[in-house]
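Owing to the predicted nature of the structure, the values given are computational and were not obtained by experimental measurement. In listed order, ligands and their atoms are each counted from 1.
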Amino acid sequence: MSVSSTASTSASTGGPDLPQERRVVTAIPGPKSAELLARKQAAVSDGIGTVLPVFVKAAGGGVIVDVDDNSLIDLGAGIAVVNVGNAAPSVVAGIQEQAAAFTHTCFMVTPYEGYVAVAEQLNKLTPGDHEKKTALFNSGAEAVENAVKIARYATGRSAVVVFEHAYHGRTNLTMALTAKSMPYKYNFGPFAGEIYRVPLSYPFRWPTGAENAGSEGLEQAISKIEKEIGADQVAAILIEPIAGEGGFIVPGEGFLSGLAEYASSHGIVFIADEVQTGFARTGDMFACEHEGVVPDIITTAKGIAGGMPLAAVTGRADLMDAVHVGGLGGTYGGNPVACAAALGAMAAIEEHDLVAKARRIGEIMLPRLAEMQSRYPVIGDIRGRGAMIAIELVKPGTLEPATEQIAAIVKQCHSEGVLVLTAGTYGNVLRFLPPLTMPEALLDEALTILDKAFASAT
Ligand SMILES: *Cc1c(COP(=O)(O)O)cnc(C)c1O
């Protein structure tokens, strides 16, 4: 394998030892990345897209360093995964120690302590002090699928209520749960049945005004459930507390708590999909805590294990224990190396008080973005919580997506060494998900570059 020849010529290690600086030394992507991109295009399915084709050699703190030695400010965290920073020391140490001891036995064949320890942590950290149990899986989609399986089994009902703008994954069941056709569902049907989509409270686009989005949204969702499904047919209401891929839509106040109450009074399992919002991202350990909502089941993945593939379903013990023995599982679910990484990541969140860091990131970003909004009328809405912040771009004074401007802004940010991601049903949302280890000076610099990008694109 000659893949590592470039990486080994430079002495840079990943993790927090990387110089925390923005450094652009070639065009982006540079010549070495361009070579690798050509190999990717020849070898990797075209169905796998790339936001920014710089090939990574190291990452840590708030930066990603590419094979051409450019150092980019990372406002994506691998899509809200490396909340604790890339190659975080406690994650790396856990992985190294566990990998040297054993890499896999299959927990369903011969178990090991790490899996149990992760379950204990999740039972403790998730909202509510009722008795909880956990099952581990490999990906967010797999966790959501299993949450639905458990809810159906426990209730003996089949209908699942999901929301407009929802994203729950790309497997067959989760495609059906996801709202957006292109690129997630288009041409991939037929989809699973008994999935019912109801309106989401979307304050910025609420016809009678943002202040009514919570109460009217709740009314509409419940009315649809009652009239089109029947409450006693519903196994689960499944919702992201903040819609992630849908554009960081924070539902109006009372929407989530009202749905949770409605579910509980009708024997419906309330499932919070916290795959993107979990693990300190929103300035709480879990986003549900903000409104004091206690879900029956919570699904987690992304930020759980500092970059290792792991996912979990955590919920009321009576629900989690309803399924027959052997009804849940999978070959790799709760892999010992991934579990060691998760324990390292959870320790880092506590040790470095990353919940507070996420809040601080929001406190830095929101006023800067609000000030920009006063100068750039293309910024229609600024929303989110903690270190999960987005801006929705519209043609000034309208709700029409400003798609050309967003493309120009993203392009300029990338060429100046700031990695930003987009989102949204209309593709017009810039979303910011910095690692919670982002140095404040770098965050500040990234916002200055963003400001410049707005100035030249609008
Ligand atoms: C990313 C995501 C998923 C899917 O997770 P994968 O690990 O990509 O399968 C599910 N739900 C939400 C809210 C997500 O953000």
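- For a threshold of 3.5 Å applied to N or O pairs, the pair formed by E142 and ligand 1 contains no separation below that value.
- The protein atom (non-hydrogen) at minimum distance from atom 2 (C) of ligand 1 is K302 NZ, 2.5 Å.
- Counting heavy atoms from C-beta on, the side chains of V82 and V84 never come closer than 4.5 Å.
- Ranking the protein heavy atoms by distance from atom 5 (O) of ligand 1 puts G140 CA, 3.2 Å first.
- Listed by number with element, the atoms of ligand 1 under 4.0 Å from a non-hydrogen atom of S139 are 7 (O), 9 (O).
- Contact annotation for A301 and ligand 1: no heavy atom of the residue comes within less than 4.0 Å of the ligand.
- With a heavy-atom cut-off of 4.0 Å, R170 does not touch ligand 1 at all.
- Summarising the geometry, atom CD belonging to Q96 is positioned 12.5 Å from atom CD belonging to Q98; distances are rounded to the nearest 0.5 Å.
- The single protein non-hydrogen atom nearest to atom 11 (N) of ligand 1 is D273 OD2, 2.7 Å, given as residue, atom name and distance.
- The protein atom (non-hydrogen) at minimum distance from atom 4 (C) of ligand 1 is A141 N, 3.6 Å.
- Under the 4.5 Å side-chain criterion, counting only non-hydrogen atoms from C-beta, T277 is not in contact with F286.
- Of the protein's heavy atoms, none falls inside 4.0 Å of atom 8 (O) of ligand 1.
- The existence of a salt bridge linking E131 and R316 is excluded, since no basic side-chain nitrogen approaches an acidic carboxylate oxygen closer than 4.0 Å.
- Taking the six-membered ring where tryptophan is involved, the planes of Y153 and H324 are tilted, since the angle between them lies from 30° to 60°.
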Side-chain donor-acceptor distances from residues 331-341 under 3.5 Å, at least two apart:
from, atom 1, to, atom 2, distance (Å)
N335, OD1, V337, N, 2.8
N335, OD1, A338, N, 3.1
N335, ND2, T103, O, 3.0

Could you walk me through whether F432 and F248 pass the ring pair (Phe, Tyr, Trp, His ring centres under 6.0 Å) check? CA-CA 10 Å; F432 308 108; F248 290 14; 8.6 Å; no
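- Ligand 1 has no N or O atom lying under 3.5 Å from any N or O atom of E240, backbone or side chain.
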